[in-house]
Amino acid sequence: MQDFLNAISLLPKDVESFLSVINRDFMNKVNEIRFRANKPLTLNTKDGVFYCTKNGRVTVNYNDDLYFTDERKMQEIVFSLSRRSIHTYQDMLAKGYLPLKNGCKAGVAGCAVMKNGEVYSVSSFNSVNIRISRDYVGCAKELYEAVGEDCDSFLLVGQPLSGKTTLLRDLCRTYAGQNSFEPKKIVIVDERDEIASKSFGGGVDVGVHTDVLSLYPKEVGIDIALRTLSPDIIVLDEIGADDEIPEMLSGMNSGVGFIATAHGSSFKEVLSRPNIKKLVDSRVFKKAVVLKGKNAPCEVAEVIEL
């Protein structure tokens, strides 16, 4: 329940109050809260999509009594999630997201404002998708045992909502926790502030011996980590951009391990991407781990030796 309440805490007060009265047990099942302009609010769970009536009752039936979000309220929601400063978060909005509290994230859609051929900012917001982050201590035990305690460099492959980021947090606690016999020095390059959620104070536990570079582009963060933080392992989410590859190869040549995630339903799918294939062919990773999917989050489907 608290994860749900954390996710809605930056919404306008009237919207937060409305969502805070829904059934407490149901809150624990929700993984996404979606607002769309002139459409009903939806709550996504692994069991399906649900609506909310105007009095806060959860239903699967589409009817005239549902809670709708008009265009004006959509703009207010984004303004509120931006801590009342759209300008401060302009770069993030241009990339389609806003970081929230405790690793939660809001995906944001609207009208792109272009400058020099690139998205400069966004206006006329029409959709917000809040993804609820939940922290499960011990969820990486199966994965840690599957790859072996001596493996400190592997690629984690999974579909959205399969538990990749949640596993990364628990892996950091496993490798760099206070009770580790020989703890690893971990550096998280947290480009979107989703793993450790440190950029706005607080955050989640990612291990005693972990350093966090929040909101750094991955290629910059990797370079800083290698030059100044002497990591044993660098942890990354959603790899594959052109600029990241040379830095990861440099890190491998320096003896640093990488634990990284990639979106995909299979290893074959992610291997079809040239940049990831280059990393695999260069033996940056010792193993690939494929997750089962959103209906069995954090569970391992396959471990592949590379």
Side-chain angles (χ1 to χ4, degrees), residues 135-158 162-190 195-196 204-213 218 221-240 244-262 264 266-268 270-271 275-292 296-306:
D135 197 25
Y136 295 114
V137 175
C139 67
K141 184 175 185 293
E142 179 194 8
L143 171 57
Y144 184 70
E145 293 175 349
V147 298
E149 62 182 54
D150 294 331
C151 181
D152 59 2
S153 196
F154 54 89
L155 180 65
L156 191 57
V157 177
S162 61
K164 298 188 297 296
T165 305
T166 303
L167 282 168
L168 285 184
R169 293 193 198 105
D170 203 50
L171 283 168
C172 289
R173 290 190 290 263
T174 300
Y175 283 105
Q178 61 182 356
N179 296 320
S180 299
F181 179 66
E182 293 183 0
K184 301 284 188 180
K185 290 181 293 181
I186 304 287
V187 173
I188 300 173
V189 182
D190 205 357
I195 305 172
V204 297
D205 176 21
V206 286
V208 173
H209 307 280
T210 300
D211 303 302
V212 181
L213 293 166
K218 285 195 276 293
I222 294 169
D223 180 60
I224 291 172
L226 293 174
R227 288 190 292 105
T228 66
L229 296 172
S230 63
D232 296 312
I233 302 172
I234 295 176
V235 172
L236 308 163
D237 212 359
E238 299 180 24
I239 63 164
E244 301 161 11
I245 308 307
E247 297 297 339
M248 293 184 72
L249 293 175
S250 175
M252 180 199 70
N253 293 329
S254 301
V256 175
F258 285 91
I259 297 176
T261 70
S266 67
F267 181 60
K268 181 180 179 180
V270 299
L271 199 60
N275 283 338
I276 292 182
K277 187 175 189 306
K278 184 174 183 179
L279 292 173
V280 171
D281 290 345
S282 300
R283 303 192 67 79
V284 169
F285 305 110
K286 298 176 182 177
K287 298 180 182 182
V289 180
V290 182
L291 300 179
K292 289 184 178 179
C298 301
E299 292 187 16
V300 175
E302 184 181 14
V303 177
I304 302 166
E305 297 282 344
L306 300 177

Which residues pass the side chain to side chain contact (heavy atoms under 4.5 Å, CB included) test with [X], not counting sequence neighbours?
{"X": "A225", "answer": "V187, L213, P231, I234"}
{"X": "N275", "answer": "D242, I245"}
{"X": "S162", "answer": "K164, L291"}
{"X": "S266", "answer": "K268, E269"}

What heavy-atom pair brings [X] and [Y] nearest, and what distance separates the two atoms?
{"X": "H209", "Y": "P183", "answer": "CD2-CB, 3.3 Å"}
{"X": "C172", "Y": "I188", "answer": "SG-CD1, 3.6 Å"}
{"X": "I239", "Y": "K218", "answer": "CA-CE, 4.2 Å"}
{"X": "I276", "Y": "A262", "answer": "CD1-CB, 3.8 Å"}

pair [X]-[Y]: side-chain heavy atoms closer than 4.5 Å:
{"X": "D170", "Y": "V206", "value": "no"}
{"X": "V284", "Y": "V280", "value": "no"}
{"X": "M248", "Y": "F285", "value": "yes"}
{"X": "V235", "Y": "L171", "value": "no"}
{"X": "T166", "Y": "P297", "value": "no"}

Interatomic distance, [X] atom [atom1] to [Y] atom [atom2] [nearest 0.5 angstrom]:
{"X": "L155", "Y": "L279", "atom1": "CG", "atom2": "CG", "value": "8.5 Å"}
{"X": "T261", "Y": "L167", "atom1": "OG1", "atom2": "CG", "value": "10.0 Å"}
{"X": "F258", "Y": "M252", "atom1": "CZ", "atom2": "CE", "value": "9.0 Å"}
{"X": "D190", "Y": "I195", "atom1": "CG", "atom2": "CD1", "value": "4.5 Å"}
{"X": "L143", "Y": "I259", "atom1": "CG", "atom2": "CD1", "value": "8.0 Å"}
{"X": "L168", "Y": "D237", "atom1": "CG", "atom2": "CG", "value": "5.5 Å"}

For [X], all residues meeting side-chain hydrogen bond (donor to acceptor under 3.5 Å, both in side chains), sequence neighbours excluded:
{"X": "S153", "value": "none"}
{"X": "T210", "value": "none"}
{"X": "R227", "value": "D223"}
{"X": "E299", "value": "K292"}

Item to check | Y136: ring-ring contact (aromatic ring centres under 6.0 Å, His included) partners, not counting sequence neighbours | outcome: none
Quick one: side chains of residues 145-152, donor-acceptor pairs under 3.5 Å with protein atoms, not counting sequence neighbours, listed by atom name and distance.
from	atom 1	to	atom 2	distance (Å)
E145	OE2	K141	NZ	2.7
D152	OD1	K286	NZ	3.3

Checklist outcome for this item: In short, side-chain hydrogen bond (donor to acceptor under 3.5 Å, both in side chains) pairs touching residues 246-257 with sequence neighbours left out are none
Next on the checklist: Using the salt bridge (charged side-chain N to carboxylate O under 4.0 Å, His left out) criterion, which residues pair with D135? Sequence neighbours excluded.
Outcome noted: R173
